[in-house]
Amino acid sequence: MNRSEQRMQAQDKFEKISELAKRRGFFWPSCEIYGGVSGFMTFGPLGSVLKRKIEDKFRGFFIRPFGLYEIESSVIMPGKVFEASGHVNHFKEPMIECSKCKRRFRVDHVLQEFAGMSDTETEKLSLQELANEINKRNIKCPECGGDFGESKQFLTMFTTTIGPYSGAVGYGRPEAAQGIFVEFKRLYECARGKLPFGVVQIGHALRNEISPRQGPIRLREFTIIDIEFFFDPEDPRCPLLKDVENESLRLILAENKLKGIKEPVEVTVKEALNKGLIKAEWQAFFMALSKHFLMKLGVPEDKQRFIEKLDWERAHYSVQGFDQEIFLERWGWVEVSGHNYRTNYDLKQHMEFSGVDMRAFKEHEKLVEREEAVVSPILSKIGPAFKDTASEVVRLISNANPKVVKTRFKKQGFYMAGRFKVLPEHVEIIRKEVEERGKHFIPHVIEPSFGSDRMVYIALEYAYKMKEDRVVLSFPRELAPIEMGVFPLVSKDGLPEKTKQVYEMLIDEGFNVDYDESGSIGRRYARADEVGTPLGITIDYQTLKDDTVTIRDRDTWKQVRSKIKGLPRLLHAFFRYKVEFRDLGQLIKS
RNA sequence: GCGGCCGUAGUCUAGUUUGGUUAGGACAUCAGCCUGCCACGCUGACGACCCGGGUUCAAAUCCCGGCGGCCGCACCA
């Protein structure tokens, strides 16, 4: 497309928003003075406030009402963490390049497609083995028929070394989740040993994407919001479900996706669970909450859907996954959150790799008493028989299964404890009363995970309106970076001085206020509309007489007149949705 | 990563084909005047050829490389 053709095409919403975002300071590509670097964004003065307000709204929506814990762990973590989590193995792509046309392919995908190998088969093979398979089967480039060159591993985690001299590998976390799992032991203590509980992290994550595009939608460094919700798999019920059970969800199920059905089915949360469409109650609960949250950001229900991940699309840790998708004008359906049932995968892995027991404990309702057979070593016999290895023998015997020991004695007259031959005279098998107060288990995890930067873009796109040829960002009022503008009607006759008094008072009340006396009053309103400032407070000649001001509504451009004295109380109520615009004063007839 | 197109003030753009004066305009911003409620007007100011190399007397313009953007392919666990 050449330039004039590009010009012919009307700007789409993404371009309009990008332009506005740059011009008014919401966000822009980072490091522009050095030519920019793809996949990194800087949030400007307005954008960082908007983002923080969205995240604070998230806190008020997901964290506070349910007593979830918010923590902040490090972005860089030792290699071990991601070996255990499976990311080192899964977060990379084996690539192979055609030596003729230079196109690149995923080696495993090529083998799956042209050698009929399955996902699980290719997963087991090393890079070298994958390359060997390509050679052995004489697979050529599917595009041009050329020969494949060498294959290379592309790790999509950012790698570094920790400390100046050590070779210790560290990775930038590709998700905040692992920072929660590795701290589970302490968090479980914070929860005073009770399940269920959830932990949230809002922080940066790094993914070295091959080719990020789409502005703030796909970044190499981004803000992720991960909730890890821990529960007892034997008690998977969600007591809060009744609050959301009649919410409807638009689901695109995996089975329908396979059949090529693109229309979502609309079911209530209750139906989805009863029909087994969603496996875990907590997952359904968080999905309903997420839908609601996005509505609060300005996205109507019919612009949202949940799409179930197919087996091979799911991450290595997930047994069921839904992506919450939002319709965006430029790209169609875009993922804003992922909802995965991670089971006990992560805790189990970290237990295995660290050797630390991270199981939860639950007491039985009643004390369980039962008799149990135990193998008890007779020390006076073992000592003389095994001398200096006796203590090792004792350890081995104590851990032995009494049933096995018994049958071995019966069948062969001895029992091999490791390399030691234990005779019946060395031990006695006794019955012992044991009291079982409870049991240990690894909790299961439901993970809702949100892209914070995407939510900023989504909020902008859904707020973007045109009114009489000018741009109005109709943010939900509590998201607006600037809450109100205060303007002197004209910049003379003492009006600016009076306006500054009102400004100081509102700042002191904790509002985000913008003072503007440049240009005409109409221009100031327009400037304010363009960044979504919900209210415009204008000081005019009448103010000097009776201490009243006009308040203008961003969306309707209607005005009311109100006493300065009562403003703080009214405005606080307004931003907490306790009163509406018309309640702020006497309507001015225009 | 590959291929195609592209890169000029804060933003949008003219100029690039055919190298040549002080790189032009609009909007925005700032200052002053004006201004009694929706981007008013007047005057002025600030402000740009993505980076590096090459060709040439001379490069925004031509060539090479890099970086960045858009589209398509691939990728987005």
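Proteins get letters first, then strands, A, B, ... in listed order; numbering begins at 1 in each.
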Gap in Å between the two P atoms, one belonging to B:rU16 and one to B:rG7, rounded: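 12 Å, rounded to whole Å.
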Separation between the P atoms of B:rU61 and B:rG54, rounded to whole Å: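 Each nucleotide's P atom is 14 Å from the other's.
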Spacing of A:Ile217 atom CD1 relative to B:rG69 atom P, expressed in whole Å: 15 Å
Check whether the side chain of [X] and the base of [N] form a donor-acceptor pair under 3.5 Å.
| X | N | value |
| --- | --- | --- |
| A:Arg213 | B:rG72 | yes |
| A:Arg470 | B:rC38 | yes |
| A:Tyr525 | B:rC37 | yes |

Answer whether the closest heavy-atom distance between the side chains of [X] and [Y] falls below 4.5 Å.
| X | Y | result |
| --- | --- | --- |
| A:Ile278 | A:Phe306 | no |
| A:His204 | A:Leu219 | no |
| A:Thr550 | A:Arg561 | yes |
| A:Tyr317 | A:Val445 | no |

For RNA chain B, which residues of [range] approach it to below 4.0 angstrom with any heavy atom?
| range | result |
| --- | --- |
| residues 75-82 of chain A | none |
| residues 554-561 of chain A | A:Trp557, A:Gln559 |
| residues 540-547 of chain A | A:Asp540, A:Tyr541 |

Mate of [N] where both pairing distances stay under 3.5 Å, Watson-Crick or G-U:
| N | result |
| --- | --- |
| B:rC62 | B:rG54 |
| B:rC40 | none |
| B:rU18 | none |
| B:rC27 | B:rG10 |
| B:rC70 | B:rG4 |

Phosphate OP1/OP2 of B:rC27 contacted by A:Arg24 side-chain N/O (<4.0 Å):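 Checking B:rC27 against A:Arg24, no side-chain N or O comes under 4.0 Å of OP1 or OP2.
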Phosphate OP1/OP2 of B:rG1: any A:Ser211 side-chain N/O under 4.0 Å: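 False: A:Ser211 side-chain N/O out of range (4.0 Å or more) of B:rG1 OP1/OP2.
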From A:Asp546 atom CG to A:Lys563 atom NZ, the distance as rounded to the nearest 0.5 Å: 5.5 Å
Is the distance between the ring centroids of [X] and [Y] under 6.0 Å?
| X | Y | value |
| --- | --- | --- |
| A:Phe184 | A:Phe230 | yes |
| A:Phe286 | A:Phe229 | yes |
| A:Tyr171 | A:His87 | no |

Between A:Thr538 and A:Asp540, a side-chain donor and acceptor under 3.5 Å: no
Touch class at under 4.0 angstrom, heavy-atom based, for [X] against every strand present:
| X | answer |
| --- | --- |
| A:Arg552 | base |
| A:Leu489 | base |
| A:Thr538 | base |

Evaluation steps, side-chain hydrogen bond (donor to acceptor under 3.5 Å, both in side chains), between A:Lys51 and A:Thr223: CA-CA 10 Å; A:Lys51 187 170 172 182; A:Thr223 304; 2.7 Å; yes
The side chain of [X] lies closest to which of these nucleotides: [options]?
| X | options | value |
| --- | --- | --- |
| A:Phe91 | B:rC76, B:rG36, B:rA77 | B:rA77 |
| A:Phe14 | B:rC71, B:rC70, B:rC75 | B:rC70 |
| A:Arg218 | B:rC75, B:rG68, B:rG36 | B:rC75 |
| A:Ile210 | B:rC37, B:rC75, B:rA77 | B:rC75 |
| A:Arg207 | B:rG1, B:rA77, B:rC76 | B:rA77 |

Parallel, tilted or perpendicular: rings of A:Phe293 and A:Phe58 (30°, 60°):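 Perpendicular.
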Cation-pi geometry met for A:Arg470 and A:Trp557 (6.0 Å, 45°):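 Cation-pi check for A:Arg470 and A:Trp557: passes.
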Cation-pi check, A:Arg207 onto A:Phe222 ring (under 6.0 Å, within 45° of axis):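 Here A:Arg207 fails the 6.0 Å and 45° test against A:Phe222.
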A:Glu32 atom CD, neighbour heavy-atom count above 12 within 6.0 Å: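 Correct, the count exceeds 12.
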Over 12 foreign heavy atoms within 6.0 Å of CZ, A:Arg582: no
A:Arg173/A:Ser73 under side-chain hydrogen bond (donor to acceptor under 3.5 Å, both in side chains): CA gap, chis, key distance, verdict: CA-CA 10 Å; A:Arg173 63 182 182 191; A:Ser73 73; 3.3 Å; yes
Letter per nucleotide, 5' to 3', of nucleotides 41-48 of chain B [B base touched, S only sugar-phosphate touched, - untouched; heavy atoms, 4.0 Å]: --------
Write down the protein N/O and nucleotide N/O pairs, taken from nucleotides 30-34 of chain B, whose separation is under 3.5 Å; answer none if there are no such pairs.
{"from": "B:rC30", "atom 1": "OP2", "to": "A:Ser518", "atom 2": "OG", "distance (Å)": "3.2"}

All pairs passing ring-ring contact (aromatic ring centres under 6.0 Å, His included) where residues 525-554 of chain A contributes a residue, at least two apart: A:Phe487-A:Tyr525
Donor-acceptor contact present, side-chain A:Glu221 to main-chain A:Phe40, <3.5 Å: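 The answer is no, because no donor-acceptor pair under 3.5 Å joins these two groups.
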